[in-house]
Amino acid sequence: MKKIIMKKISLYILLALLVYSCGSSDQGELIGVRSQSRWYSQKPLGMVLIPGGSFTMGKSDEDVAGSLTTPSRTVTVRPFYMDETEITNSEYKEFVFWVRDSIIRTKLALLSELMSDDTNIILPDYQFSNPDTTNMSPYQKYMMNNYGSLGDVNSPLQGRSLNWGEELIWDNNEFPDEYYSEVMDTMYVSIENSFDGKRILDTKKLKFKYSWLDRGAAAKEKGDRKDFIKDEIVEVYPDTTVWVKDFNYSYNDPMHQDYFFHQAYSDYPVVGVNWKQAKAFCSWRTKKKNDFLKSKKNASSVPYFRLAIEAEWEYAARGGLNYSTYPWGGPYTTSDRGCFLANFKPARGDYAVDGALYTMEAKSYNPNDYGLYNMAGNVSEWTNTAYSEASYYIGSTMNPNVEISENHRKIIRGGSWKDVAYFLEVSTRDYEYGDSARSYIGFRTVQDFLGTNIEGN
């Protein structure tokens, strides 16, 4: 018996040696690890590819403001995708509604779990969707058995998912039972703050939680990975009161009431969003895309959506015109027929002479040579760069970005509907505090382009 076993082992070793010596098709040459599928960069919907390259950043002519913070210098940026327009009310509203619905569905599912028993199921249509244990991979089973979760041990879902198939009911006359009413009541403003018999959602309860890794600090400093993971909880609803607070002795109540809410303004740029809210939107947009890709076999995740750094923004705004004053060239703000080329405040306060009293649709006027709309005027835009008078002096000439977390002054670019022409210049810098929301500040997002081959995009 032992001889038979030893003969089998010897045979297996011989076969292994044969495979090792001649079974490889590379003939012993170094060929690298081959990918199972061909990878290509997919342009996100509504974005354009900015090819990257070098340009002269800063004031190429006189510094009218005399700030001495924008000396001209040559810098280089890598390729990236950028939204062709500012993020609109409709697009940002999708984020707000997702947060709202997620919170309500979680509350309904938790109440159902708490109040139900074997004989009486509360809110059966809104219960958690438990994971299908029969189709779980061995790793998923391991995670559930050892951590009670598929990844986020702090999540109330604990491996389960929300039931998005059942529609939420918003008409309080059609609420199915008192339990549903109880959950909705927790989302409304209090009775004391209601009037005319109306119950409305308390927008301060619409909070989005996400985590991110401070990779820059982790690369430069010592410590465990967990020391650089940052948790953020952000109220996502725009501050609509900015239309009143930004302008004393001015009647802007209609904009306060309707600008974000009414469908007439769906395609207008969202405003009243501070820097942290813009960052939260970027995280949600990344999650939205990656959640979809997870449902596809062998699909890889996408690079993060983010705010542009200041150098990227200026490079994109120039549209390939290196020494231009404005995105369309310059040096004038009107065409040869006297038509204004952007939405701003010309003629010492004649706001409407350019076609708009406040903002205009995000896709208005002519795009620059990269296909980007309103890189000057309409609304100023948040960037991912902190404001420092010395930024241009100390920053690198390759993808320069002086981002200091302790510096709460964040660069805004492009000028807005209430600004004079100077702030529309592609090289003009301005800033606002990151926790501030304004009626004239919005944002657009970018995404890194992987590799350098931009053919076919």
Side-chain angles (χ1 to χ4, degrees), residues 8-9 12-13 15-16 19-20 23-24 32-39 42 98-99 101-118 121-166 207-219 221-234 280 282-306 448 450:
K8 287 184 177 180
I9 293 175
Y12 291 151
I13 293 175
L15 289 173
V19 171
Y20 177 78
S24 176
V33 176
R34 294 181 178 178
S35 300
Q36 295 181 350
S37 59
R38 184 175 180 273
W39 183 89
Q42 182 179 8
W98 183 91
V99 172
D101 293 357
S102 297
I103 294 172
I104 293 175
R105 291 182 187 279
T106 301
K107 284 175 173 283
L108 290 169
L110 289 173
L111 184 62
S112 175
E113 185 176 67
L114 177 66
M115 301 300 294
S116 298
D117 55 38
D118 295 336
I121 305 298
I122 302 301
L123 299 168
D125 295 333
Y126 299 99
Q127 289 186 307
F128 285 119
S129 297
N130 290 311
D132 185 0
T133 56
T134 59
N135 293 323
M136 271 190 174
S137 68
Y139 173 75
Q140 290 174 327
K141 291 180 180 179
Y142 172 84
M143 290 295 292
M144 289 300 297
N145 291 334
N146 289 272
Y147 296 99
S149 168
L150 294 179
D152 187 356
V153 296
N154 297 316
S155 171
L157 304 184
Q158 295 180 331
R160 302 164 296 183
S161 58
L162 297 176
N163 179 12
W164 287 90
E166 188 68 24
K207 298 179 180 180
F208 178 65
K209 180 181 179 181
Y210 70 100
S211 301
W212 59 283
L213 177 64
D214 189 346
R215 290 177 171 81
E221 303 174 19
K222 294 182 178 179
D224 292 334
R225 182 185 178 90
K226 63 178 178 59
D227 298 332
F228 304 100
I229 297 176
K230 311 295 183 181
D231 294 322
E232 306 283 352
I233 300 178
V234 181
C282 294
S283 177
W284 169 80
R285 185 175 183 182
T286 306
K287 170 182 168 56
K288 175 181 169 66
K289 185 63 177 182
N290 283 335
D291 284 350
F292 168 78
L293 292 176
K294 285 179 183 178
S295 65
K296 303 298 180 181
K297 188 176 181 180
N298 297 327
S300 58
S301 60
V302 298
Y304 291 101
F305 291 95
R306 58 180 176 82
D448 291 326
L450 303 183

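All values below come from the heavy atoms of this structure, side chains included, with hydrogens, waters and symmetry mates left out. Quantities reported herein were computed from a predicted structural model and do not represent experimental measurements.
How far NZ of Lys294 is from OG of Ser301: 9.0 Å, rounded to the nearest 0.5 Å. A distance of 8.0 Å separates CD1 in Ile103 from NZ in Lys107, rounded to the nearest 0.5 Å. Expressed to the nearest 0.5 Å, how far CG of Leu110 lies from CZ of Phe128 amounts to 4.0 Å. Taking CG of Asn290 as the reference point, atom OH of Tyr304 lies at 8.0 Å (rounded to 0.5 Å).
Contact check for Pro138 versus Tyr142: no side-chain heavy atoms found under the 4.5 Å cut-off. Side-chain contact between Trp98 and Lys287 is present, with at least one heavy-atom pair separated by less than 4.5 Å.
Take Asp125 and apply the side-chain contact (heavy atoms from CB on, under 4.5 Å) test, not counting sequence neighbours, and it matches Glu166. Listed by chain and residue number, nothing satisfies the salt bridge (Lys or Arg N to Asp or Glu O under 4.0 Å) test with Lys207 (two or more places apart in sequence, or in another chain). Shown here are the ring pair (Phe, Tyr, Trp, His ring centres under 6.0 Å) partners of Phe208, two or more places apart in sequence or in another chain: Phe95, Tyr210. Pro124 meets the side-chain contact (heavy atoms from CB on, under 4.5 Å) test with Ile121; sequence neighbours excluded. Applying the salt bridge (Lys or Arg N to Asp or Glu O under 4.0 Å) test to Arg306 and every residue at least two apart in sequence or in another chain returns Glu312, Asp448.
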Report, one line per pair, each donor and acceptor closer than 3.5 Å where one atom sits in a side chain of residues 225-234; sequence neighbours left out.
{"residue": "Asp227", "atom": "OD2", "partner": "Asp224", "partner atom": "N", "Å": "3.0"}
{"residue": "Asp231", "atom": "OD1", "partner": "Ser211", "partner atom": "OG", "Å": "2.5"}
{"residue": "Glu232", "atom": "OE2", "partner": "Trp212", "partner atom": "NE1", "Å": "3.0"}

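A donor-acceptor pair is defined here as one N or O able to donate and one able to accept, closer than 3.5 Å; no such pair exists between the side chain of Ser112 and the backbone of Leu108.
Between Gln127 and Ser116, the shortest heavy-atom distance links the atoms NE2-OG, 4.3 Å.
Ion pairing between a basic and an acidic side chain is recognised when a charged N comes within 4.0 Å of a carboxylate O; Arg105 and Asp101 show no such pairing.
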